[in-house]
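All values below come from the heavy atoms of this structure, side chains included, with hydrogens, waters and symmetry mates left out.
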Amino acid sequence: MKKLSSIDQDSLEYVWNNAPNITTLHSAIGLLLAGQQAIIDLINDDDKKAKVQLYISSHLLQSINGQHMDATYDIKTESEYLEMVEKKSGALVSMACLVGAALADDKNNSPIIEKYAKNLGIAAQIDNDLCALFRWDEKNDIKTKKFRFQSCTC
C-alpha cells in the first residue's frame with residue numbers, strides 16, 4: 001500500500017499529494033500570498049479591499065481550525081462532526097460567496113449569503129463524507145480507521 005501524503009490521509013489522486021509535503025506547504029502559502037497581493041493590486045476601493053481581506057482571513061482561519069479537527073480525528077460526537085464540517089467546508093464556501101458579494105458592492109445581503117453559503121458547504125462536505133464510506137480504496141474512512149463519531153442518531 002502506498003503511503004498517503006495528503007493532510008487528511010485520504011487520496012493520492014491529486015498531483016499535490018504526490019509531491020513532498022514541504023513543496024505542497026510552500027506552494028499553498030505562496031498561493032495564499034499571491035491572492036492577497038492580487039487584492040492589494042487590483043481593488044482600488046480601500047473599504048472594499050478591507051472587507052474582502054477580512055472575509056478571507058477570518059474564514060480561512062475557521063477552515064484551518066476545522067481541517068485540524070478533522071485531521072487529528074478529534075471528533076467524538078455528531079455535534080462535534082457538524083461543528084468541524086461547518087468550520088472546514090462551510091467557512092470556505094461562505095468566504096467565496098461573501099468575497100463575490102463584496103466585490104459586487106452588496107451592502108445588505110451578507111448575513112443571508114453567509115448562512116446560505118455555509119449550509120451549502122456543510123451539505124457538500126456531508127455528501128463527500130458519505131461517498132467516502134462506499135469507497136474501498138485509500139479514501140475509505142473506515143478502512144483507514146478514521147472514525148467520525150461513536151454514535152449516530154440516524
**Message:** Could you measure the distance from the CD atom of Q53 to the CD1 atom of I43? Nearest 0.5 Å is fine.
**Reply:** 7.5 Å
**Message:** Applying a strict under-4.5 Å side-chain criterion to I, L, V, M, F, W and Y, I'd like to know whether I112 and L98 cluster together.
**Reply:** no
**Which residues share a salt bridge (Lys or Arg N to Asp or Glu O under 4.0 Å) with D105, sequence neighbours left out** = K48
**Item:** Shortest non-hydrogen contact between N108 and P111, atoms and distance
**Value:** O-CD, 4.1 Å
**Prompt:** What are the two closest non-hydrogen atoms of S63 and A91, and how far apart are they?
**Reply:** N-CB, 4.1 Å
**Item:** Set of residues satisfying side-chain contact (heavy atoms from CB on, under 4.5 Å) with respect to L33, sequence neighbours excluded
**Value:** I29
**E114 side chain near H59 side chain, heavy-atom distance below 4.5 Å** = yes
**Item:** Hydrophobic cluster membership, L92 vs L31, 4.5 Å side-chain cutoff
**Value:** no
**Residue list, side-chain hydrogen bond (donor to acceptor under 3.5 Å, both in side chains) with S27, at least two apart or on another chain** = none
**Asked** Going hydrophobic residue to hydrophobic residue with side-chain gaps under 4.5 angstrom, can you get from L60 over to I113?
**Response** yes
**Request:** With sequence neighbours excluded, tell me which residues meet side-chain contact (heavy atoms from CB on, under 4.5 Å) with I64.
**Result:** none
**Item:** Side chains of K88 and V85 in contact at under 4.5 Å (non-hydrogen atoms)
**Value:** no
**Message:** Is it the case that atom CG in D41 sees more than 12 heavy atoms from other parts of the structure closer than 6.0 Å?
**Reply:** yes
**Request:** Measure the spacing between OH of Y116 and OG of S94 and express it to the nearest 0.5 Å.
**Result:** 13.0 Å
**Asked** Do V99 and L103 have side chains that get closer than 4.5 Å, going by heavy atoms?
**Response** yes
**Prompt:** Do E80 and M84 come within less than 4.5 Å of each other through their side chains, counting heavy atoms only?
**Reply:** no
**Prompt:** So if you build clusters from Ile, Leu, Val, Met, Phe, Trp, Tyr with side-chain heavy-atom gaps below 4.5 Å, do V93 and I56 land together?
**Reply:** no
**Asked** How about K87 and M69: do any of their side-chain heavy atoms sit closer than 4.5 Å?
**Response** yes
**Request:** Apply side-chain contact (heavy atoms from CB on, under 4.5 Å) to N119 and list each qualifying residue two or more places apart in sequence or on a separate chain.
**Result:** K115, I122
**Item:** Listed partners of S79 passing side-chain hydrogen bond (donor to acceptor under 3.5 Å, both in side chains), at least two apart
**Value:** T77
**Message:** I need the minimum non-hydrogen distance between S89 and G121, along with the two atoms involved.
**Reply:** CB-O, 3.5 Å
**Prompt:** Say you draw a straight line from CD of Q62 to OG of S57; how long is it, rounded to the nearest 0.5 Å?
**Reply:** 10.0 Å
**Request:** Kindly compute the distance separating OH (Y81) from CG (D70), expressed to the nearest 0.5 Å.
**Result:** 8.5 Å
**Message:** Can a donor-acceptor pair be found, under 3.5 Å and without considering hydrogens, that links the side chain of S58 to the backbone of L54?
**Reply:** yes
**Prompt:** For the atom pair CD (E83) and CD1 (I75), what is the distance rounded to the nearest 0.5 Å?
**Reply:** 7.5 Å
**Prompt:** Do V52 and I40 share a hydrophobic cluster, counting only Ile, Leu, Val, Met, Phe, Trp and Tyr and linking them when any side-chain heavy atoms are less than 4.5 Å apart?
**Reply:** no
**Request:** Determine whether T24 and P20 make a side-chain contact, defined as any pair of heavy atoms from C-beta on separated by less than 4.5 Å.
**Result:** no
